[in-house]
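Just dropping this structure here.
As the structure is a computational prediction, the values presented were derived from the model and not from experiment. All chains are named by letter (A, B, ...) in the order of the sequence lines, taking the proteins before the strands, and each is independently numbered beginning at 1.
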Amino acid sequence: MSDNDTTDARSDEREGVSRDFVRAAIEEDIRSGRFGGRVHTRFPPEPNGYLHIGHAKAICLNFGVAQEYGGLCNLRFDDTNPVKEETEYVDGIKNDIRWLGFDWADREYFASDYFEQLYAYAEQLITKGKAYVCDLSPDEVREYRGTLTEPGRNSPYRDRSVEENLDLFRRMRAGEFADGNRTLRAKIDMASPNINLRDPIMYRILHATHHRTGDAWCIYPMYDFAHGQSDSIEGITHSLCDIEYEQHRPLYDWFLDELEIYHPRQIEFAKLFLSYTVLSKRRLRILVEQGYVSGWDDPRMPTLAGLRRRGYTPEAIRAFIDEVGVAKSNSIVDVALLEYHIRQDLNQRAERRMAVLDPLKVIIDNYPEGQEEKLEAINNPEDPDQGVRTVPFSRELYIERDDFREDPPRKFYRLAPGREVRLRYGYFVTCTGVDKDPDTGEVVALHCTYDPATRGGDAPDGRKVRGTLHWVSARHAVTAEVRLYDRLFSKPDPDEAPEDGDFTDNLNPNSLQVIPAALVEPALADAKPGDTVQFERLGYFCVDPDSADKLVFNRTIALRDTWAKIQSHMDK
RNA sequence: UGGGGCGUCGCCAAGCGGUAAGGCAGCGGCCUUUGGAGCCGCCAUUCGGAGGUUCGAAUCCUUCCGCCCCAGCCA
C-alpha cells in the first residue's frame, strides 16, 4: 500500500508521540529489544460470516502496524469450530481484505493447520499433570463452575492419573466417545475470581466435518487453547485483540508458560461500533436470513461487501478508521464521520454528470423546434485533469420537480413563475407559464424562454441569478433505475428497542427507495458496474452489478444539503 | 456487595504534575455556473462526583457514582 501519508504526517507533526497506546507499547518493545526488534502481527478472523466495518479496524490496525514498523502481518483463519465455518467465508474474507488494500503475500494460515501440534501440546500438559480428562456433562460443568460470586468446585475427575488421562484423551481422539461425553480441561483453579481460569475446557468432542480437515478429527481445540499457541507457532510478536479478551490474557499466558514455548504479547483494544447500524454477526445474519435486506452485500449493510456495492472506497474506509483512533473505551462512532470521509474522497475523484430523479418537463418556447446543440461541461471542478464532455441541449428538457415552486417560500432561489435561473452549463431561462392537469391541478410542464446570449451559463451583461439547476435533454436522456439508500435503522442505537421487541423494530422503513425511471445524461449510457459519478446537486452514485439491459445506480451518499437544513429551520 | 475494563465538548480522541490538541457534528460569515466543494471564525475556566497531596492536578492519593465485559463443550 502506498498511502501512509496521513500516518507519516502525524508522526512528523508530533515527534516522539505515538498515535495510540498500542503503537506506544509496540514502540517500547522495539526500543527494549523484547522481540529482537521484530514486529509481527496477525489478523485472525473466524470464517463464519462476512467481514464488516468493525473488522476493518482490526485489519487496518494489524496490517497498518506491521507496515509502519517494517514488520509482517499474517492472515490466519481461526477455524477451530467445524460446525460454524465454511470455505465460502474464507474466500469472501480474503476478497474483502484485498479490496481494503492489504496484502499478506503467502502468509496465509489456518488454526486447523496446527491441529496435530496442538494435540501434542495437549498431551504435554497432561503429562505435566496440568490437564485432565473430565467426564462431567455440559450441565454439570456449568454447575461445578460456580457463579460470578461463588467459587466453583473441583471436578471429581480432576485427580485422575497421568496415564489414565493420556489413555482417555487418546481414545477421545480415536472417536470412542460421543459428543459432549468428555472434555480435556486445564487444571488451574476452580476458585479463581476470573472464571476463565476455573479449569477451562481445552478440547471438546465434535463429530463434525471440518471445512478443511474433513473427518480427520473428532476432537477440536477451544479458542483459548488454540489462539496463543497459533500465535506462538507463527512467531507473532503482538497479538492485538478485542478488549473482551483482556480477561483471557491470564489464560493465554498460562498455556504458553506451562508449555514453555515462544511467548507473544497480547494487547487488547476497543472494537468499533457505529451509530445507526448493528455490527454483530448474529444480528447481521438475522437481517439477511429474515429478508430485511437482500443479502450480505446489500448496499445498506455495514459489511465490507455491502459498503463496496454501495460505492464506498477502500481509501475512505481507511481514512475513517485512521481517524477514529485506537483506545480502550467503548465507543459508538457517529456514522456522520464515515459519511464525511466518503464524500471527501468521492468529491476529489468522481466525475460529475447530470441526472433527474423526479422529472418535470420544461419547454423552451423560444428555442427552435428540432434544433439541438452540444454544450461543454466540466467533468470535475476539483480536478481539471478529468477534462470536459459534451451535453446535448434541446427545446424540451427535464428538471427536478423539487426545483420548481409555483409559490416559492422565502430563501427558495430556484425556479418559480417569472423567475430566472441558470441551467448548468446551459442558458439562463425564465419561467413564463405553467401547464396543469385540469383534473388534479398537478403541474405537468413548465414553459420558459431562454436568453441566447447566456450560452454556457454566463450573462455578458453581468447579471446574476441565484439558482443553478441540473437538467437533462428530453430527447437525449437515458432511462435508469436509481436506488436511494438511507440509514438502515432510525435510532442511533438500534438495540434500544421497545420493551417486548428487538432491534428489528428500529429498522428504518425508508432505508430503500427505488426510482424505476430516472433520466440521466447520455454520457452515462455505457457506464459499467462499479463506476462512480456525482449526479450534480444530488449525490454520489455508482453503477450496481444488477445493471444488465438497463442501468441501475446506487446512491452512495447524498451531497450535503443546506437547503434542506434551511427548510427544517423554517418549519420550527 | 466476585473479577476485569472504561469514564476529557453532542460523537470520536490527544493529554502521562506546569495550567485542555485535532477531527466529525453544530453555529456564523466569505466565496461559488453544484444551496456541493473550498476558505475564515465560533464552539470544554474545565476533564464522572466529592475530598486530599502539591506553589501548581485531567494527570498523584482516598472515596463515591456511572457504563461495558465474564458463569458457551462459541470465537
Please tabulate, one pair per line, each protein N/O and nucleotide N/O from nucleotides 58-60 of chain B that are separated by under 3.5 Å, including the distance.
none

Looking at RNA chain B, which of residues 337-349 of chain A put a heavy atom within less than 4.0 Å of it? A:L337, A:Y340, A:Q344, A:N347
Send over the distance from A:Q266 CD to B:rG5 P, rounded to a whole Å.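 The distance from CD of A:Q266 to P of B:rG5 comes to 13 Å, rounded to the nearest Å.
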Measure the distance from CZ on A:F273 to P on B:rC6 and round it to the nearest whole Å. 16 Å
Counting just side-chain N and O atoms, does A:R352 come under 4.0 Å of either OP1 or OP2 of B:rG36? no
I want to check something: taking the side chain as every heavy atom from C-beta on, are A:Y252 and A:S239 in contact at a cut-off of under 4.5 Å?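 When only atoms from C-beta onward are counted, A:S239 and A:Y252 do touch, with a gap below 4.5 Å.
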Just to confirm, is there a sub-4.0 Å distance from OP1 or OP2 of B:rG36 to any side-chain nitrogen or oxygen of A:T562?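 For B:rG36, OP1 or OP2 has a side-chain N or O of A:T562 closer than 4.0 Å.
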Can we call the ring centroids of A:Y220 and A:F115 under 6.0 Å apart? yes
May I have the distance from A:I332 (atom CD1) to B:rG7 (atom P), rounded to whole angstrom?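 Checked: the CD1 to P distance equals 15 Å.
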Regarding A:L469, tell me which of base, sugar-phosphate or nothing describes its non-hydrogen contacts under 4.0 Å with the strands shown. nothing
Nearest-Å distance for atom pair CZ/P, residues A:F269 and B:rG4: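 Taking atom P of B:rG4 as the reference, CZ of A:F269 is at 23 Å.
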Parallel, tilted or perpendicular for A:Y203 and A:Y119, by the 30°/60° rule? perpendicular
So what does A:F412 touch, heavy atoms closer than 4.0 Å: a base, only the sugar-phosphate, or nothing? base
For B:rC67, give the paired nucleotide (Watson-Crick: N1-N3 plus N6-O4 or O6-N4; G-U: N1-O2 and O6-N3; both under 3.5 Å), or none. B:rG5
With sugar-phosphate meaning primed atoms plus P, OP1 and OP2, does A:R466 contact a base, only sugar-phosphate, or nothing at under 4.0 Å between heavy atoms? nothing
Could you tell me whether A:E68 and A:R23 make a salt bridge, using a distance below 4.0 angstrom between a side-chain N and a carboxylate O? yes
Contact list for residues 176-198 of chain A, test salt bridge (Lys or Arg N to Asp or Glu O under 4.0 Å), sequence neighbours left out: A:D135-A:R182, A:R171-A:E176
So what does A:P492 touch, heavy atoms closer than 4.0 Å: a base, only the sugar-phosphate, or nothing?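 Counting heavy atoms under 4.0 Å across all strands, no contact is made by A:P492.
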Close N or O pairs between protein and nucleotides 71-75 of chain B (under 3.5 Å):
{"residue": "B:rA71", "atom": "O3'", "partner": "A:R145", "partner atom": "NH2", "Å": "3.4"}
{"residue": "B:rA71", "atom": "O2'", "partner": "A:R145", "partner atom": "NE", "Å": "3.3"}
{"residue": "B:rG72", "atom": "OP2", "partner": "A:R142", "partner atom": "NE", "Å": "3.4"}
{"residue": "B:rG72", "atom": "OP2", "partner": "A:R145", "partner atom": "NH2", "Å": "3.2"}
{"residue": "B:rC73", "atom": "OP1", "partner": "A:R145", "partner atom": "NH2", "Å": "3.2"}
{"residue": "B:rC73", "atom": "OP2", "partner": "A:R145", "partner atom": "NH1", "Å": "3.0"}
{"residue": "B:rC73", "atom": "N3", "partner": "A:G180", "partner atom": "O", "Å": "3.2"}
{"residue": "B:rC73", "atom": "N4", "partner": "A:L136", "partner atom": "O", "Å": "2.8"}
{"residue": "B:rC73", "atom": "N4", "partner": "A:P138", "partner atom": "N", "Å": "3.1"}
{"residue": "B:rC73", "atom": "N4", "partner": "A:G180", "partner atom": "O", "Å": "2.8"}
{"residue": "B:rC74", "atom": "OP2", "partner": "A:R204", "partner atom": "NE", "Å": "3.2"}
{"residue": "B:rC74", "atom": "OP2", "partner": "A:R204", "partner atom": "NH2", "Å": "3.1"}
{"residue": "B:rC74", "atom": "O3'", "partner": "A:R204", "partner atom": "NH2", "Å": "3.1"}
{"residue": "B:rC74", "atom": "O2'", "partner": "A:N81", "partner atom": "ND2", "Å": "3.1"}
{"residue": "B:rC74", "atom": "O2'", "partner": "A:K84", "partner atom": "NZ", "Å": "3.3"}
{"residue": "B:rA75", "atom": "OP1", "partner": "A:T80", "partner atom": "OG1", "Å": "2.8"}
{"residue": "B:rA75", "atom": "OP1", "partner": "A:R204", "partner atom": "NH1", "Å": "3.2"}
{"residue": "B:rA75", "atom": "OP1", "partner": "A:R204", "partner atom": "NH2", "Å": "2.8"}
{"residue": "B:rA75", "atom": "OP2", "partner": "A:Y223", "partner atom": "N", "Å": "3.0"}
{"residue": "B:rA75", "atom": "O3'", "partner": "A:D78", "partner atom": "OD2", "Å": "3.4"}
{"residue": "B:rA75", "atom": "N6", "partner": "A:H248", "partner atom": "NE2", "Å": "3.4"}
{"residue": "B:rA75", "atom": "N3", "partner": "A:Y245", "partner atom": "OH", "Å": "2.5"}

Across all strands shown, which nucleotide pairs with B:rG38 by Watson-Crick or G-U wobble geometry, both distances under 3.5 Å?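 WC or wobble partner is B:rC30.
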Which whole-number value in Å describes the distance from A:E28 CD to B:rC16 C1'? 14 Å
Choosing from B:rG5, B:rU34, B:rG3, which nucleotide comes nearest the side chain of A:Q247? B:rG3
Side-chain donor or acceptor of A:E246 under 3.5 Å from a matching atom on the base of B:rG3? no
For residues 460-472 of chain A, pull every pair meeting salt bridge (Lys or Arg N to Asp or Glu O under 4.0 Å), keeping only residues two or more places apart or in separate chains.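 Residue pairs with at least one partner in residues 460-472 of chain A: A:E420-A:R463, A:D451-A:R463, A:D461-A:R463.
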For B:rC55, give its Watson-Crick or G-U wobble partner with both distances under 3.5 Å, or none.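 Paired with B:rG18.
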List the residues meeting side chain to side chain donor-acceptor pair (under 3.5 Å) with A:N379, not counting sequence neighbours, and say none if there are none. A:R353, A:R389
Sequence neighbours excluded, which residues qualify as side chain to side chain donor-acceptor pair (under 3.5 Å) partners of A:R419? none
Heteroatom pairs (N/O) under 3.5 angstrom, protein to nucleotides 27-31 of chain B:
{"residue": "B:rC27", "atom": "OP1", "partner": "A:H569", "partner atom": "NE2", "Å": "3.0"}

Remember a base hit wins even if backbone is also touched, and classify A:V335 as base, sugar-phosphate or nothing at under 4.0 Å, heavy atoms.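 No contact.
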Taking any heavy-atom pair under 4.0 Å as a contact, classify A:Q534: base, sugar-phosphate, or nothing. base
Taking the nucleotide of RNA chain B with the closest heavy atom to each, which residue, A:Y540 or A:F21, is nearer the 5' end?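 Nearest-nucleotide comparison on RNA chain B picks A:F21.
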What is the distance, rounded to the nearest whole Å, between atom CG of A:N380 and atom P of B:rG38?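 After rounding, the gap between these two atoms is 12 Å.
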Residues which pass side chain to side chain contact (heavy atoms under 4.5 Å, CB included) with A:P200, listed by chain and number, not counting sequence neighbours: A:A186, A:I188, A:L251
Is A:D231 paired with A:R76 through a side-chain N to carboxylate O contact shorter than 4.0 Å? yes
Using a heavy-atom cut-off of 4.0 Å across all strands, would you classify A:R414 as base, sugar-phosphate, or nothing? base
Among B:rC6, B:rC12, B:rG35, which is the nearest nucleotide to the side chain of A:K328? B:rC6
Side chain to side chain donor-acceptor pair (under 3.5 Å) partners for A:E150, two or more places apart: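 So A:E150 forms a side chain to side chain donor-acceptor pair (under 3.5 Å) with A:T147.
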Answer for the Watson-Crick or wobble partner of B:rA50, both distances under 3.5 Å, is B:rU62
Looking at B:rA13, I'd like to know if its phosphate oxygens (OP1 or OP2) sit under 4.0 Å from a side-chain N or O belonging to A:S329.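 Affirmative; the distance criterion is met.
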Hey, are the side chains of A:I201 and A:C134 touching, using non-hydrogen atoms and a 4.5 Å cut-off? no
Compare the minimum distances between each of B:rG2, B:rA13, B:rG35 and the side chain of A:T468, then state the nucleotide with the smallest one. B:rG35
With sequence neighbours excluded, residues passing side chain to side chain donor-acceptor pair (under 3.5 Å) with A:R410: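 With sequence neighbours excluded, A:R410 shows a side chain to side chain donor-acceptor pair (under 3.5 Å) to no residue whatsoever.
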pair A:K491-A:D493: side-chain heavy atoms closer than 4.5 Å: no
Can you figure out which of B:rU34, B:rA37, B:rA14 approaches the side chain of A:E382 most closely?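 Between B:rU34, B:rA37, B:rA14, the one nearest the side chain of A:E382 would be B:rA37.
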In whole Å, what is the span from the CZ atom of A:R23 to the P atom of B:rA14?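 Atom-to-atom, A:R23 to B:rA14, this comes out as 11 Å.
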Where at least one partner belongs to residues 47-56 of chain A, residue pairs that pass side chain to side chain donor-acceptor pair (under 3.5 Å), sequence neighbours excluded: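 Sorted pair list: A:E46-A:N48, A:N48-A:K281, A:Y50-A:E88.
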CG-CG distance between A:L61 and A:D322, expressed to the nearest 0.5 angstrom: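 The distance works out to 10.0 Å.
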Using atom CZ of A:R537 as one end and atom P of B:rU32 as the other, report the distance to the nearest whole Å. 18 Å
